[in-house]
Structure formats: C-alpha cells, structure tokens
Amino acid sequence: MSEKRLAVVTGATGGLGVAMCQALCDQGRTVVGTYYPDPQQEQQARQWQESMEQQGYSVHVRPLDVTDYDACAVFAADVEAELGPIDVLVNNAGITRDAPIKRMEPHFWQDVINTNLTSMYNLCRAVFDGMCQRGFGRIVNISSLNGEKGQFGQCNYAAAKAGVYGFTRSIAQEGARKGVTVNAVSPGYIDTPMVRQVPENILEGIIAGIPVGRLGQPDDIARAVAFLAADEAGFITGTNLSVNGGQYMS
Ligand code: CAA
C-alpha cells in the first residue's frame, strides 16, 4: 500500500461503524469517525476512541449531523485542513423508523430519507471533486438487503436504501476515469442494536429464513467495506456487494 490514507466513516459509534473503523485501521488508514451530535453518542464516541487508542489505533472522532448539507461541507474542509485529504469515505450512518404504510408518519419518511440517502449526497458533494483532482478515492455506501428486496414495515428505509444503488452507479461513472471508485455494500440482518430492536418473534422468523442459519456479525460487513476501500480495488466500481448469509440472492 502507498502512503497512509485518511478514511472517514459516518455513524462510527454504531454496531457496524465500530467494526468498520477497526478494519480500516488494520488496513493502515488514519480513521475519522463521525457520530450524531447528542450526549449519548458523544460518550460512546469518546469511549470508543480511548479503547482504540489503547489498542494502538490512530482514530479521530467528530460530531456531524450528516443530514445537514452545510455542516458536511464544513466538516470535510476542517478535516482536510487539520489531517489532510479525505481518500476514503464510508457512508454508513443510518436509522430505521419502521411502520406499515398506514402508520408511516411524514417525519418517519423524511427522517429516514434524509439520514440514509441525502446524507450520502451531502458528503460525496463535499469530497468527490477533491478525490478526482488527486486521482484517488474510495467511496463505500452502505445500503441494505431490504433495499434489494423490500421489507414489510420499511417502505421508507427500503426506498432510501434502493436509492443508494442509483446514486452509487451514477457517481461511479463520474469518478471512473479519475481513480475514484464508488460501490455499495448491502448488509443483511447483522447482530447490532438496530436489528435487536425488531420484535423477538418477528426476528426469529427472519433468522429462520437466512440460509446460513444465523445473524451476521459486524466484522462480516467490515471485511467487505475494507475490501472495496483497498487501494488494490481500483477495477471494482459501481457494484453492490451483498453480505446477507444467502437471505437474498440476485
Ligand atoms: N409479511 C406479511 N404480513 C406481515 C408481515 C410480513 N413480513 N409482518 C407482519 N405482518 C402482518 C401481521 O401478521 C399482522 O397481520 P394481522 O393484522 O392480520 O394480524 C399485520 O401485518 C400487522 O403486523 P404487526 O402487528 O407486526 O404490525 P405492527 O404495527 O405492530 O408492526 C412493524 C409493524 C413495526 C413494521 C413490525 O412488523 C416489524 O418490526 N417488522 C420488522 C421490520 C424489519 O425487519 N426491520 C428491519 C430493521 S433492521 C434493519 O433495517 C437493518 C437492515 O438493513 C437489514
């Protein structure tokens, strides 16, 4: 690998984000993890930073509301001024607001679209041109199994996550000749706090439908992200890597 590159992971304190940050550190990146600016996530972020540093990893944490276009621009400019150019961006921040459409309130819809899809535009807009000018970039957008197949109670989430594919393929074409790859990773049901919110009886049914017979682990997703974020992955762009235990095969 060439020089130590800088990677940004959004939603870094969540179940998947922590594992992704670790995998990118293992790959030799300097990692900046972002968290939603609330006291609980700030505390988690500080604990995470301390434990990573004790293990010898170089990580930075920053508060960032990924739904705020201007805040994303300021964040990227500040990080680049302080730490250097952003070479790798993992758009991981995401939320669920599950309800059947008959109870899908406008703010459930809007919050999920803003956090899970518009956020990707906000951050890519802030870093993409710089990556193109420097001739190197790796963008990994976290979609979902449920963006591929739909899910009862998740029309907002599935719509946002399906939107990630069109977004990814479009800017993959824009970056292709500039050394910038853009790909999606679609986790299935992974053992994280988000999935543990699903009522137990429903989750049991979901697990029964996973051919490998269990939930995935955060490391399963982190490995896929690191694979696509590698310097050596320059010929893989505009694709989707499904990591779902065989639950959906396309
Ligand atoms: N298919 C068909 N019918 C279903 C169904 C399904 N998958 N799930 C529920 N139903 C039926 C129920 O049997 C029930 O039928 P009756 O009215 O005839 O009894 C009816 O729909 C209402 O269902 P609920 O009582 O469950 O409705 P609710 O409002 O209490 O709950 C819900 C709705 C919150 C969406 C709940 O169904 C739920 O939590 N589902 C799981 C959603 C899910 O998988 N979320 C994933 C979160 S993790 C994640 O998103 C990460 C990732 O990327 C994979």
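Atoms within each ligand, like the ligands themselves, are counted from 1 in listed order. A quick note: this is a predicted structure, and the numbers were derived from the prediction, not measured.
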### Task
Mark yes or no: Arg5 above the aromatic ring of Phe136, with NZ or CZ under 6.0 Å from the six-membered ring centre and no more than 45 degrees from the axis.
yes
### Message
Are Tyr36 and Asp65 packed together at the side-chain level, in the sense that at least one heavy-atom pair is separated by less than 4.5 angstrom?
### Response
yes
### Message
Would Leu123 and Val66 count as a side-chain contact (heavy atoms from CB on, under 4.5 Å) here? Give the steps.
### Response
CA-CA 7 Å; Leu123 274 159; Val66 292; 3.9 Å; yes
Output yes when a protein non-hydrogen atom is found under 4.0 Å of [atom], and no otherwise.
atom                    : result
atom 18 (O) of ligand 1 : no
atom 15 (O) of ligand 1 : no
atom 5 (C) of ligand 1  : yes
atom 21 (O) of ligand 1 : yes
atom 24 (P) of ligand 1 : no

Considering heavy atoms of the protein only, find what lies nearest to [atom] and give residue, atom and distance to 0.1 Å.
atom                    : result
atom 32 (C) of ligand 1 : Pro100 CD, 4.6 Å
atom 39 (O) of ligand 1 : Pro199 CD, 3.4 Å
atom 27 (O) of ligand 1 : Arg103 NH2, 3.7 Å
atom 51 (C) of ligand 1 : Tyr157 OH, 3.5 Å
atom 46 (C) of ligand 1 : Gln154 NE2, 3.4 Å
atom 10 (N) of ligand 1 : Phe152 CZ, 3.4 Å
atom 44 (O) of ligand 1 : Tyr189 OH, 2.7 Å
atom 35 (C) of ligand 1 : Gly153 CA, 3.5 Å

Any side-chain to backbone donor/acceptor pair from [X] onto [Y]? Under 3.5 Å, distance only.
X      : Y      : result
Ser143 : Lys161 : yes
Asp87  : Leu6   : yes
Asn156 : Asp98  : no

List every atom of ligand 1 that sits less than 4.0 Å from any heavy atom of [X], numbering the atoms from 1 in the order shown and giving each element.
X      : result
Asn146 : 54 (C)
Val195 : 48 (S)
Ser144 : 52 (C), 53 (O), 54 (C)
Thr96  : 50 (O)

### Message
I'd like to know whether ligand 1 has Ile206 as a neighbour, heavy-atom separation below 4.0 Å.
### Response
yes
### Task
Compute whether any side-chain donor of one residue and acceptor of the other, for Tyr57 and Asp26, lie under 3.5 angstrom apart.
yes
### Task
Examine the side chains of Ser242 and Tyr248 and answer whether a donor and an acceptor come within less than 3.5 Å of each other.
no
### Task
Apply salt bridge (charged side-chain N to carboxylate O under 4.0 Å, His left out) to the pair Arg29 and Asp231, showing each step before the final yes or no.
CA-CA 11 Å; Arg29 296 0 184 150; Asp231 283 26; 2.9 Å; yes
### Query
Roughly how far, to the nearest 0.5 Å, is the NZ atom of Lys178 from the CD atom of Gln133?
9.0 Å
### Task
From the options Leu16, Asp98, Asn116, select the one whose nearest heavy atom is closest to atom 42 (C) of ligand 1.
Asp98
### Task
Only heavy atoms count here, so choose which of Asn201, Ile202, Val198 is nearest to atom 47 (C) of ligand 1.
Val198
### Task
Report the part of Leu145 in contact with ligand 1, treating N, CA, C, O as backbone and CB onward as side chain, heavy atoms under 4.0 Å; options are side chain, backbone, both, neither.
neither
### Task
Could you see which bit of Gln197 sits under 4.0 Å from ligand 1, with heavy atoms only: side chain, backbone, both or neither?
neither
### Message
Tell me the closest heavy-atom pair linking Ile206 and Val198, and the distance in Å.
### Response
CD1-CG1, 4.4 Å
### Message
Among Ile142, Val140, Val182, Ile139, exactly one meets side chain to side chain contact (heavy atoms under 4.5 Å, CB included) together with Asn91. Which residue is that?
### Response
Ile139
### Query
Would the number of heavy atoms belonging to other residues, nucleotides or ligands and lying under 6.0 Å from CD of Glu200 be above 12?
no
